[in-house]
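Everything numeric here is computed off the predicted structure, so don't read it as measured data.
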Amino acid sequence: MKTNLAIYTLLLALTLCAGPVDAKAPQRIIFETDMGNDVDDALALDMIYHYQAAHKVKLLSVMVNKPGIYPVEYIDILNTYYGHEGLPIGKISNGANCETDGVNYAKAVCMMKGADGKPLFKRSMSNYASLIEAPRLYRRILAKQPDHSVTIISTGFSTNLARLLQTKADSYSKLNGRQLVARKVSRLVIMGGNFSNSNPEYNILRDIPSAQYVFQHWPTRLVTSPFDVGEHIKYPGRIIASYSGKPQPVIEGYKAYLKMPYDRPSWDMTAVLYAVEGGKWFGISGHGTITAKDNGSTTFLPSSKGLHQYLTTTDEQRKAILNHLITLIKF
């Protein structure tokens, strides 16, 4: 608890020294994703693109924590489709072994061909192997941002975040990873954890050591949207099924993931919604400390000095959130 108190005092001092933040400026976002494991990542990124079009956010980068070429290629397809060619993408090497955990819809979309035999969707990049590792890209991007201005939304494993915290000073910044995060990041919003029972949640379970490290060492405010929040807010597959426009990469990804029609929990979308629009749609716990146990389960210890919180919802809030998500996710 002494460590958390020291961090809290430091953050308060840095915030006061940093001066006022322009409340009207778009929120600076870095999106961290295991794109290809579950289709809610694609729906969540669709939300971010539309928030950007509405000048509510500025998407700085997409960081990928699912290994392989297809997740980054699919994100390039999405960036290109939505008019964000060249948006930086950070890759991962030696990440969590998750390729057989479900249908890789990202791969399915990347492999799609048009009637002419050419790739169905345009790309902006050609050599995905040349992309730099996410922790290094984090350092390059964060070093250029105003102090305490960046929100990181993590909807996958904590691998890149843990590696970022452990980076050393380099040509981008004289600060080490933890110091750089404390200086540049305002908060981390995670989809992860389970506080309604002792069952481990997937994003934690697939890289337990990294989740443990992040919960223990992350130096800014951290809010998580746990399993049960998104589980009870199911995006309606009828919207996907009724789409009749030109081929669209999120639509095709949804169709490729499971047999249609199906409704899918809104795990990642709730994290994005909270990060961008705040807590008006949710309940939220008091402050405390989240811990990931060795079996992947998560616990919350209340403490007025803690930097961690988690979201909650009532039945009424879930209905309102679902209706709002339907208006936010557009094709």
Fill in: Pairing of Asp41 and Lys66 as salt bridge, 4.0 angstrom limit
no
Worksheet item: Nearest heavy-atom pair of His50 and Asp46: which atoms, and what distance?
Response: ND1-O, 2.9 Å
Practice prompt. Would you check, one step at a time, whether the test side-chain hydrogen bond (donor to acceptor under 3.5 Å, both in side chains) holds for Lys168 with Asn176?
Written response: CA-CA 4 Å; Lys168 300 182 184 302; Asn176 64 34; over 6 Å; no
Worksheet item: Just how far is it from atom CG of Asn104 to atom SG of Cys98, taken to the nearest 0.5 Å?
Response: 8.5 Å
Worksheet item: Is the shortest side-chain N to carboxylate O distance from Arg206 to Asp34 below 4.0 Å?
Response: no
Discussion item. With rounding to the nearest 0.5 angstrom, report the OG1 to CD distance, Thr167 to Gln179.
Written reply: 9.5 Å
Fill in: Interatomic spacing from CG in Asn97 to CG in Asp101 - rounded to 0.5 Å
7.5 Å
Worksheet item: What about Tyr254 and Tyr262, are their ring centers closer than 6.0 Å?
Response: yes
Practice prompt. Could you pull out the closest heavy-atom pair between Asp76 and Ile89, with the gap in Å?
Written response: N-CD1, 3.8 Å
Discussion item. Restricting to non-hydrogen atoms, name the atom on Thr270 and the atom on Phe282 that form the minimum distance, rounded to 0.1 Å.
Written reply: O-CZ, 3.6 Å
Worksheet item: What closest approach, in Å, do Val272 and Met47 show between heavy atoms, and which atom pair accounts for it?
Response: CG1-CE, 3.9 Å
Fill in: Which atom of Thr159 lies closest to which atom of Ser210, heavy atoms considered
CA-OG, 3.6 Å
Worksheet item: Is the distance between the ring centroids of Tyr274 and Trp281 less than 6.0 Å?
Response: no
Discussion item. So that I know where these two stand, are Tyr128 and Tyr70 an aromatic pair - ring centroids less than 6.0 Å apart?
Written reply: no
Worksheet item: Are the aromatic ring centres of Tyr74 and Tyr81 under 6.0 angstrom apart?
Response: no
Discussion item. Assess the residue pair Glu32 and Asn65 against the criterion (side-chain hydrogen bond (donor to acceptor under 3.5 Å, both in side chains)); give the C-alpha distance rounded to whole Å, side-chain angles, the decisive distance to 0.1 Å, and a yes or no.
Written reply: CA-CA 7 Å; Glu32 174 84 34; Asn65 50 64; 2.8 Å; yes
Discussion item. In this structure, is the centre-to-centre distance between the rings of His308 and Phe300 below 6.0 Å?
Written reply: no
Worksheet item: More than 12 non-hydrogen atoms from neighbouring residues, nucleotides or ligands closer than 6.0 Å to NZ on Lys259, yes or no?
Response: no
Practice prompt. Report the relative orientation of the aromatic rings in Phe195 and Tyr310; use parallel for angles under 30°, tilted for 30 to 60°, perpendicular for over 60°.
Written response: parallel
Could you list the donor-acceptor pairs under 3.5 angstrom formed between side-chain atoms of residues 324-331 and any protein atom two or more places apart in sequence or on another chain?
| residue | atom | partner | partner atom | Å |
| --- | --- | --- | --- | --- |
| His324 | NE2 | Glu277 | OE1 | 3.2 |
| His324 | NE2 | Glu277 | OE2 | 2.8 |
| Thr327 | OG1 | His324 | O | 2.6 |

Worksheet item: Hey, mind stepping through Gln309 and Arg221 against side-chain hydrogen bond (donor to acceptor under 3.5 Å, both in side chains) and telling me if it holds?
Response: CA-CA 8 Å; Gln309 293 176 280; Arg221 185 180 176 219; 2.9 Å; yes
Fill in: Pair Asp147 + Lys184, salt bridge at N-O below 4.0 Å
yes
Worksheet entry | Cluster link Leu43 to Val103, ILVMFWY, side chain under 4.5 Å | yes
Worksheet item: Is it the case that more than 12 heavy atoms not belonging to Arg136 sit under 6.0 Å from its CZ atom?
Response: no
Discussion item. Quick check: closest heavy atoms across Thr80 and Ser124, and the distance to 0.1 Å?
Written reply: OG1-OG, 2.6 Å
